[in-house]
Amino acid sequence: MAMDLNAKAAYIRGLMTGMEFDPASKNGKVIAAMMDLLEEMAATVTEHDNALDQVYDELETLDQDLDDMVADLYGEDDEEAEDEDSEDLYEVTCPNCGAVSTVDEETLLDQESELVCPNCGAAFDIELEGTEEETPAEDADKQDQ
C-alpha cells in the first residue's frame, strides 16, 4: 500500500511537469504546496508501514520464544495439554439453593465424601443414573424373560 502511495504521488508530479504547470501563479502555489505535502505524507506512511512490518516480525519471534520457554518450563507436550483440557466436567444442582456448579469426574465418583455447594455451603450426596439398586419390579421383569 505505501509503495502505491509513493508511486501515485510520483505520477501526479509527472503530470504536473508534463502539462507545463506554472508554480508561480496563485493557484499554482497552492497546488505545488499540496503536492509537496502529498509526497511527504506518502513517505511518512511508507516509513510507518516498514516499521510496523518490523514490529510484527519481532513480535512473532518473541511469541515463538515465549512458547518455547513455557514448554521448557512446564515440560508439557501439546498432546498432554490437550488431554488435560479435555477433562470431563459435570453440572450438579444444589438441592438446598438450586445453584448449578461443575465438578470433575473424580470428585463426582468419590462416594466417601459429600459434595459441598460453593454458593450456600450445604453438603449433599448425589445419586448417579444407572447406579441405583434394582427394584423388585425390575427383578421380576428380568426373570420373566
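Shortest non-hydrogen contact noted between Val92 and Val103 is CG2-CG2, 3.6 Å. Scanning all heavy atoms of the two residues, the minimum distance from Lys29 to Ala24 falls at CE-O, 3.4 Å. In plain terms, the two heavy atoms of Ala9 and Glu39 that are nearest each other are CB-CG, 4.0 Å. Summarising the geometry of Gly121 relative to Val116, their closest heavy-atom pair is O-CG1, 3.7 Å, with the distance given to 0.1 Å. The nearest pair of heavy atoms linking Asn6 to Ala43 is OD1-N, 3.5 Å. Nearest heavy atoms, Ala123 versus Glu114: CB-OE1, 3.3 Å.
Interatomic distance, CD of Glu47 versus CG of Leu52, reported as 13.5 Å (0.5 Å rounding). For the atom pair Gln54 CD and Asp49 CG, the distance stands at 12.0 Å (nearest 0.5 Å). Rounding to the nearest 0.5 Å places CG of Leu5 at 11.0 Å from OG1 of Thr44. Atom OH of residue Tyr56 and atom OG1 of residue Thr61 lie 14.5 Å apart, to the nearest 0.5 angstrom. Residue Lys8 holds its NZ atom at 9.0 Å from CD1 of Ile12, rounded to the nearest 0.5 Å. Rounded to the nearest 0.5 angstrom, Leu59 CG and Leu66 CG are separated by 10.5 Å.
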Exercise. Which is it for Asp67 and Gln64 under the side chain to side chain contact (heavy atoms under 4.5 Å, CB included) test, yes or no, and what are the steps along the way?
Worked result: CA-CA 5 Å; Asp67 287 345; Gln64 289 172 353; 5.6 Å; no
Problem set entry | Derivation and outcome, side chain to side chain contact (heavy atoms under 4.5 Å, CB included), residues Cys97 and Cys117 | CA-CA 9 Å; Cys97 68; Cys117 176; 3.7 Å; yes
Problem set entry | Chi angles and distances behind the side chain to side chain contact (heavy atoms under 4.5 Å, CB included) call for Asp36, Arg13 | CA-CA 9 Å; Asp36 291 341; Arg13 176 68 75 181; 2.8 Å; yes
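Side-chain contact between Cys120 and Cys94 is present, with heavy atoms from C-beta onward closer than 4.5 Å. Within the 4.5 Å cutoff, no side-chain heavy atoms of Tyr90 are placed close to those of Thr102.
Atom CD of Glu58 has more than 12 heavy atoms from other residues, nucleotides or ligands within 6.0 Å.
Cluster annotation: Ile31 and Leu38 are assigned to the same hydrophobic cluster (Ile/Leu/Val/Met/Phe/Trp/Tyr, side-chain heavy-atom contacts under 4.5 Å, transitive). Hydrophobic clustering keeps Tyr11 apart from Met34 (ILVMFWY residues linked when any side-chain heavy atoms are closer than 4.5 Å, directly or through intermediates).
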